[in-house]
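Nothing here was measured: the structure is a model prediction, and the numbers come from that model. Sequential numbering from 1 along the given sequence is applied to the chain's residues. In each ligand, atom 1 is the first atom listed, and ligand 1 is the first ligand listed.
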Amino acid sequence: MTVQPLTSPPSVSNSKIITPSSDVKPWPGLIENYRPYLPVTENTPVVTLLEGNTPLIPVPYISQQVGKGVKVFVKYDGLNPTGSFKDRGMTMAISKAKEDGAKAVICASTGNTSAAAAAYATRAGMRPFVIIPDGYVALGKLAQALLYGAEVIAIEGNFDDALTVVKNMAKDYPVTLVNSLNPYRLEGQKTAAFEVVDVLGDAPDWLCIPVGNAGNISAYWMGFCQYHSFGKTNKLPKMMGFQAAGAAPFMAGEPVTNPETLATAIRIGNPANWEKAWGAKDASQGEFNAVTDEEILEAYRILAAQEGIFCEPASAASVAGLLKVKEQVPPESTVVCVLTGNGLKDPDSAIKHSKNQVKSGVKPELSEIAEVMGF
Ligand code: F0G
């Protein structure tokens, strides 16, 4: 058999091939990109799926709803490799666990942390164990954790019970805790604030963010403060944290024993980062507020149907919160709402709460389809 020499396909002329300009560098993942700001050394084995560098998307319909010349953007962290902001923290937590020689990691989770922990631990050659509240984790998240190879244990209890269990497990057994009590998680997550500033050229006036275990709001604040101390921003944003009304311990001023909300990602009654989040709110002269499930769903639908952005219900709490307190937004200000997770994580909620439903039972005939289409 003769082997044909490799030649260019005759129909493609070289002049038409567009090559990337030499100064466009591929994104190296957030640890490499922000290395000087992170607690890593050249001995840290970086475990990365090239997370971070997610888009800051203008949302004109929502801006118009707020009015007063306010510019609203969403930080769409649902575009991370496992579909949520948790990848930012997990690249750091797993890299540092590997540096320390860990063989197994454990987390409690409402779903997203478990997916991220499973993906990064597997990539690092460690065993991921995840403890979840039985029946309260969205389908996509569970599917991810299982396929990435996590050992998933569902307990009869809520997230707060699961967190208590894993804290004790990590004390007594050879497993590293990768919930946001692990300080490296927040170090990774703070890079989202860096990215916002890198795009806007300064901090926004307001940052609206869903609050569950309260790690992310604490991490963003760390990031803004650090960038500010390095002269990368002129100002600091007001931190506006939003909890689901049925799971709003910050509004109650004490832990909530039976948190309930359809936004299962933030169905948390006793946030582990309570003190840090209150510190961020107070230092930034921000506020905590609660949004009802109906307000969350309305924002969820607006984001998808008006802006073309599909996030999960918990993420929409940031936009629901902004719309709820829009009278307080200063005119001409810049607001960033954090969208923490991808809508594909929770297909059941999308189908259940969409105003649009499938028109089924239609015959494959032009006239019938045209009639259904309203022509
Ligand atoms: N949004 C989503 C989509 C989340 O998954 C979470 C937390 C939050 C917001 C709240 O962030 O806890 O830092 O205040 N999910 C955790 C988990 C609890 O297990 O996936 P937080």
Short list, please: which atoms of ligand 1 are under 4.0 Å from a heavy atom of G215? 13 (O), 14 (O), 21 (P)
Using a plain distance cutoff, I'd like to know if N112 has any nitrogen or oxygen under 3.5 Å from a nitrogen or oxygen of ligand 1. yes
So is there a nitrogen or oxygen of I266 less than 3.5 Å from a nitrogen or oxygen in ligand 1? no
NZ of K71 to CD of E332: how many Å apart, nearest 0.5 Å? 7.0 Å
Quick one: does R123's side chain get under 4.5 Å of Y120's, heavy atoms only? no
Does any N or O in the side chain of N182 come within less than 3.5 Å of the main-chain N or O of Y184, such that one atom is a donor and the other an acceptor? yes
Please report which non-hydrogen protein atom sits nearest to atom 7 (C) of ligand 1, along with the residue it belongs to and the distance in Å to one decimal place. K86 NZ, 3.0 Å
Is there a salt bridge (charged side-chain N to carboxylate O under 4.0 Å, His left out) between E195 and R88 once you walk through the steps? CA-CA 12 Å; E195 290 176 15; R88 296 180 179 279; 2.9 Å; yes
Considering only heavy atoms of V211, which atoms of ligand 1 have at least one such atom less than 4.0 Å away? 14 (O)
Min N/O separation S109 to ligand 1 under 3.5 Å: yes
Does E51 use its side chain to pair, donor to acceptor, with the backbone of T91 at less than 3.5 Å? no
Please state whether A214 comes within less than 4.0 angstrom of ligand 1, counting heavy atoms only. yes
I need the nearest protein heavy-atom contact for atom 12 (O) of ligand 1: residue, atom name and distance, please. N213 N, 2.7 Å
Nearest to atom 11 (O) of ligand 1, what protein heavy atom do you find, and at what distance? F85 CZ, 3.5 Å
T82 backbone acceptor or donor facing K345 side chain under 3.5 Å: yes
Mind checking whether E312 contacts ligand 1 via backbone (N, CA, C, O), side chain (CB onward), both or neither, at a 4.0 Å heavy-atom cut-off? side chain
For atom 13 (O) of ligand 1, what's the nearest protein heavy atom and its distance? N216 N, 2.8 Å
Is there any N or O on T113 that sits under 3.5 Å from an N or O of ligand 1? yes
For K324, the option from E287, E298, E295 that meets salt bridge (charged side-chain N to carboxylate O under 4.0 Å, His left out): E295
What is the nearest protein non-hydrogen atom to atom 4 (C) of ligand 1, stated with its residue, atom name and distance? A265 CB, 3.6 Å
Using a 6.0 Å cut-off, check whether atom CD of Q357 has over 12 heavy atoms from anything other than its own residue. yes
With a cutoff of 4.0 Å, is I268 in contact with ligand 1, counting heavy atoms of the residue only? yes
Here the atoms of ligand 1 under 4.0 Å from any heavy atom belonging to T340 are 1 (N), 2 (C), 3 (C), 9 (C)
Write down the atom of A272, the atom of L163, and the distance for their closest heavy-atom approach. CB-CD2, 3.8 Å
Does the N or O separation between Q189 and ligand 1 drop below 3.5 Å for any pair? no
For S349 and Y300, which heavy atoms make the closest approach, and how far apart are they? C-OH, 3.6 Å
Under 4.0 Å from any heavy atom of T110, which atoms of ligand 1 are there? 15 (N), 16 (C), 17 (C), 18 (C), 19 (O), 20 (O)
Can the ring centroids of F159 and Y136 be said to lie less than 6.0 angstrom from one another? no
